[in-house]
Amino acid sequence: QVQLVESGGGLVQAGGSLRLSCAASKGFFSIRTMGWYRQAPGKQRELVASITSSGTTNYADSVKGRFTISRDNAKITVNLQMNSLKPEDTAVYYCNADIRRYNYDSPRDFWGQGTQVTVSS
């Protein structure tokens, strides 16, 4: 069973930094785009940042210049460095990966369990 395990959330003051990490278990054929989404109370889940297997990145406008996504293909991990955090960044952050479990399988989304990030003003 493919699993994505997140770590690194917590409570931080505005202007501070946090680093989120996500590790994918082994046991699949291939993994393509990995990314981070977030969901604040009463809001829809939204893309924060994504990165392809070749390193192409994409960021939500609200986090450009403050957040940096990176991945290690050998370790099957994706990280999100969050700087200059704002109270509006408060949300549950979810790791996401586009995975093919078998060579005959179609790619589909896998999700982590979520990690809380709270930014106090």
**Student:** Any chance you could measure Asn73, atom CG, to Met34, atom CE, to the nearest 0.5 Å?
**Tutor:** 8.5 Å
**Student:** Output the distance between atom CG (Leu4) and atom OH (Tyr94), rounded to the nearest 0.5 Å.
**Tutor:** 13.5 Å
**Student:** Could you go through the side chain to side chain contact (heavy atoms under 4.5 Å, CB included) check for Ile31 and Arg71 one step at a time?
**Tutor:** CA-CA 12 Å; Ile31 185 167; Arg71 68 187 279 173; 4.0 Å; yes
**Student:** Does the pair Tyr37 and Arg45 meet the rule for a side chain to side chain donor-acceptor pair (under 3.5 Å), with working shown?
**Tutor:** CA-CA 6 Å; Tyr37 286 70; Arg45 190 174 296 189; over 6 Å; no
**Student:** Should Trp36 and Cys22 count as side-chain neighbours, where that means a heavy-atom distance under 4.5 Å?
**Tutor:** yes
**Student:** Checking side chain to side chain donor-acceptor pair (under 3.5 Å) for the pair Asn83/Ser17: CA distance, chi angles, key distance, verdict?
**Tutor:** CA-CA 4 Å; Asn83 298 329; Ser17 298; 2.9 Å; yes
**Student:** Dump the intermediate steps for side chain to side chain contact (heavy atoms under 4.5 Å, CB included) on Met82 and Leu20, then the final yes or no.
**Tutor:** CA-CA 8 Å; Met82 304 185 293; Leu20 304 183; 3.7 Å; yes
**Student:** Quick check with a 6.0 Å cut-off and a 45 degree axis cone: is Arg100 positioned over the face of Tyr102's six-membered ring?
**Tutor:** no
**Student:** For Thr68, enumerate each residue passing the side-chain hydrogen bond (donor to acceptor under 3.5 Å, both in side chains) test, keeping only those at least two apart in sequence or located in another chain.
**Tutor:** none
**Student:** Quick one: OG1 on Thr33 to CG on Asp109, what's the gap to the nearest 0.5 Å?
**Tutor:** 9.5 Å
**Student:** Before you tell me yes or no, could you show the steps for Gln1 and Phe28 under side chain to side chain contact (heavy atoms under 4.5 Å, CB included), namely the whole-Å CA-CA distance, both residues' side-chain angles and the distance that decides it to 0.1 Å?
**Tutor:** CA-CA 9 Å; Gln1 181 72 11; Phe28 53 84; over 6 Å; no
**Student:** Nearest 0.5 Å please: distance from the OG atom of Ser25 over to the CD1 atom of Ile76.
**Tutor:** 8.0 Å
**Student:** If you round to the nearest 0.5 Å, how far is CZ of Arg38 from CG of Leu80?
**Tutor:** 9.5 Å
**Student:** Is the shortest distance from a Lys or Arg side-chain nitrogen in Lys86 or Asp89 to a carboxylate oxygen in the other one below 4.0 Å?
**Tutor:** no
**Student:** For the pair Thr77 and Asp72, evaluate side chain to side chain donor-acceptor pair (under 3.5 Å) and give the outcome as yes or no after the intermediate values.
**Tutor:** CA-CA 5 Å; Thr77 58; Asp72 184 325; 4.9 Å; no
**Student:** For Glu6 and Gln113: C-alpha separation, side-chain torsions, deciding distance, then whether side chain to side chain contact (heavy atoms under 4.5 Å, CB included) applies.
**Tutor:** CA-CA 7 Å; Glu6 300 135 337; Gln113 78 282 2; 3.2 Å; yes
**Student:** Work out which heavy atom in Ala40 is nearest to a heavy atom in Ala91; give both atom names and the distance.
**Tutor:** N-CB, 3.8 Å
**Student:** Would Val12 and Val92 show up in the same hydrophobic cluster when neighbours are defined by side-chain heavy atoms closer than 4.5 Å?
**Tutor:** no
**Student:** List the steps, then state whether side chain to side chain donor-acceptor pair (under 3.5 Å) holds for Thr90 with Glu88.
**Tutor:** CA-CA 5 Å; Thr90 295; Glu88 51 263 44; over 6 Å; no
**Student:** Got a second to check how far Ser106's OG is from Ile99's CD1, nearest 0.5 Å?
**Tutor:** 14.0 Å
**Student:** Are Ile69 and Phe67 linked, directly or through intermediate hydrophobic residues, by side-chain heavy-atom contacts shorter than 4.5 Å (ILVMFWY only)?
**Tutor:** yes
**Student:** Side chains of Val48 and Tyr93, heavy atoms from C-beta outward: is any pair under 4.5 Å?
**Tutor:** yes
**Student:** Side-chain contact, heavy-atom cut-off 4.5 Å: Phe29 with Arg101?
**Tutor:** no
**Student:** Under 3.5 Å, is there a donor-acceptor pair linking the side chains of Asn79 and Gln81?
**Tutor:** no
